[in-house]
2 protein chains.
Amino acid sequence: MSQQRHGSTPGHVRGDDAVQAFPDLPEATIARLPEYLRALHNLGEAGADTVSSEGLAAAAGVNSAKLRKDLSHLGSYGTRGVGYDVTLLIEQIEYVLGLDQRRAVCLVGLGNLGHALAGYDGFASRGFKIVALFDADESKVGEHIHGLAVRHIADLGRVAVEEKIAIGVIATPPGAAQAVADVLVDAGVTSILNFAPCVLSVPSNVDVRKVDLAIELQILSFHEHRKASLTALPGGRSAATAGNQEAVGS
Amino acid sequence: MSQQRHGSTPGHVRGDDAVQAFPDLPEATIARLPEYLRALHNLGEAGADTVSSEGLAAAAGVNSAKLRKDLSHLGSYGTRGVGYDVTLLIEQIEYVLGLDQRRAVCLVGLGNLGHALAGYDGFASRGFKIVALFDADESKVGEHIHGLAVRHIADLGRVAVEEKIAIGVIATPPGAAQAVADVLVDAGVTSILNFAPCVLSVPSNVDVRKVDLAIELQILSFHEHRKASLTALPGGRSAATAGNQEAVGS
DNA sequence: CGCGATTTGTGCACGCCTTCACAAGCGCCT
DNA sequence: AGGCGCTTGTGAAGGCGTGCACAAATCGCG
């Protein structure tokens, strides 16, 4: 695990040396890198040349020590007494995340959510390009959504191979998700973003990330529940404003 | 709603009073409870009366020991030698998550994503009801989306109070998100689900959860990048590949 | 009625992540 | 040139979460 890009000039470490195993980046760190990246872009547009770990941490909403450790993991160079060079750090993080190469994405399932995802600006603006849309509903096939024609899901396998699609987004109903995932995997897709509320079973070399909007709300609901029961505490059980809604078993 | 929580769970459960939070419930556990709940609903519809930790764990995609520990945290009762009663466990988890009371949700920002969220089935079917839509764009105000009229954001504060909205969903562009959050907080909203790619600053009593679709893709991109660098590049000067792809074994 | 099969609940150890605190390094000012 | 203040990078400690392995508990059956 020799840290290759260590030691040479800080300016251009980006070679064609894509054949480089990454140091074992902690998963938690990886999950934060995109956030740092976004904050850095904002800072850059605001005209900042350099930024301190304190400043960047604030912009990203994390602890500054954590941020420094994260950046140190990827061998990034800051300058003591000064901070991090914004442009350089952006390049570094984009390189690590593999964003220097635009990745082809396909989207399966064009219900409400899929429709929105097809038009979501945040994808294109951050290095991803949706190159194909699929749905099982014949009546949707052929329809153009945000400049892209919807194809029938039967073509998914073929097109995924042709277009060298690396990432598949599943926005189908849960019942169809596993079958779609199977087709994607067969077509060589090795990363899946799953919006369907179900567990996908895939080979171990395929990465799946799941986003479940209702789960997020349920987690918030728990905290609401907790807070509601706490507000009754201070100063005794005074009249909690809406406390009686509490449908608590006797 | 017959919410029969077990009366005398071990330890700290202080009666059946509403004033019972679960302050010591690990955050990681909370995040998994909705997943268990979904799996349980599926099992229940499939006709299962009881389920073992092994079976439920498989359906939820987690380790069975973890599942047992999670459930034990909330004082839930399974039956040794048998498993968990599906119906009872559903009630327990729904109670803990506060889902026995339908929570009013408002949605701010009706671009592509907001539009989809407004029509997302998963909300209503899992205890949440969107009661109001807001947007800053005058041309959208008055429009009906999935049976609900869009109101102007200037009414947000008043309506949020009137409708006792507890959870706000922000689907605006990032530039507007903080202002919306401020209004929500002023109106007494204590939980926010933020889809805007930016950090929100709120009082400590307000919970914010963030969902950033692009970040998920970027995380997947990293893994793609990593996987690509592990496979020997056919045409490249891959002299050192033997050592590099050894990253797995180390 | 007791025994074995089964499954829960949990003590324990391990590893990951976070946070603190500080030495090392860098630039600026005098 | 030298000292001073600022910031990074990191060692160490503590906390949290995970997974194993097993005792305790329950049911079914002979």
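Not measured: the values here are computed from a predicted model. Below, read A as the first sequence line, B as the second, and so on, with proteins coming before strands; counting in each chain starts at 1.
- Of the listed residues (B/Val62, B/Leu67, B/Leu71), just one forms a side-chain contact (heavy atoms from CB on, under 4.5 Å) with B/Arg32, and that residue is B/Val62.
- Counting to the nearest Å, the C1' atom of D/dT8 and the CG atom of A/Leu88 are 14 Å from each other.
- With rounding to whole Å, B/Arg68 atom CZ is found 16 Å from D/dA24 atom P.
- Residues A/Leu99 and A/Ile93 form no side-chain contact, since every pair of their non-hydrogen atoms from C-beta on lies 4.5 Å or further apart.
- As a whole-Å value, the separation of A/Leu89 CG from D/dT8 P is 11 Å.
- At whole-Å resolution of the value, OH in A/Tyr77 and P in C/dG25 are 13 Å apart.
- With hydrogens and angles disregarded, a donor-acceptor distance shorter than 3.5 Å links the side chain of B/Asn194 to the backbone of B/Cys198.
- Atom CD of B/Glu54 is separated from atom P of D/dG19 by 13 Å (rounded to the nearest Å).
- One interatomic measurement links the two molecules: CG of B/Leu67 to P of C/dG9, which rounds to 10 Å at whole-angstrom precision.
- Side chain of A/His225 to main chain of B/Tyr95: a donor-acceptor pair is present (N/O by atom type, distance under 3.5 Å, no hydrogens or angles).
- With the nearest nucleotide of DNA chain C identified for both A/Thr79 and B/Ala65, B/Ala65 has the one nearer the 5' end.
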Output one line per pair: protein atom, nucleotide atom from nucleotides 14-18 of chain D, and distance, for all N/O pairs under 3.5 Å.
residue	atom	partner	partner atom	Å
D/dT18	OP1	B/Arg32	NH1	2.7
D/dT18	OP2	B/Arg32	NH1	3.4
D/dT18	OP2	B/Arg32	NH2	2.9

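- B/Leu113 pairs in a side-chain contact (heavy atoms from CB on, under 4.5 Å) with only one of the listed residues (B/Leu213, B/Val211, B/Leu107), which is B/Leu213.
- The heavy-atom pair separating A/Val86 from A/Ala48 by the smallest distance is CG2-O, 3.7 Å.
- Distance B/Arg80 CZ to D/dT26 C1': 9 Å, rounded to the nearest Å.
- Which of D/dA21, D/dT8, C/dA21 sits closest to the side chain of A/Ser52 comes down to D/dT8.
- Phosphate contact (OP1/OP2 of D/dT8, side-chain N/O of A/Ser53, threshold under 4.0 Å): present.
- Looking at A/Asp212 and B/Arg126, a side-chain N of the basic residue comes within less than 4.0 Å of a carboxylate O on the acidic one, giving a salt bridge.
- When rounded to the nearest whole Å, the span between CG of B/Leu56 and P of C/dT8 equals 9 Å.
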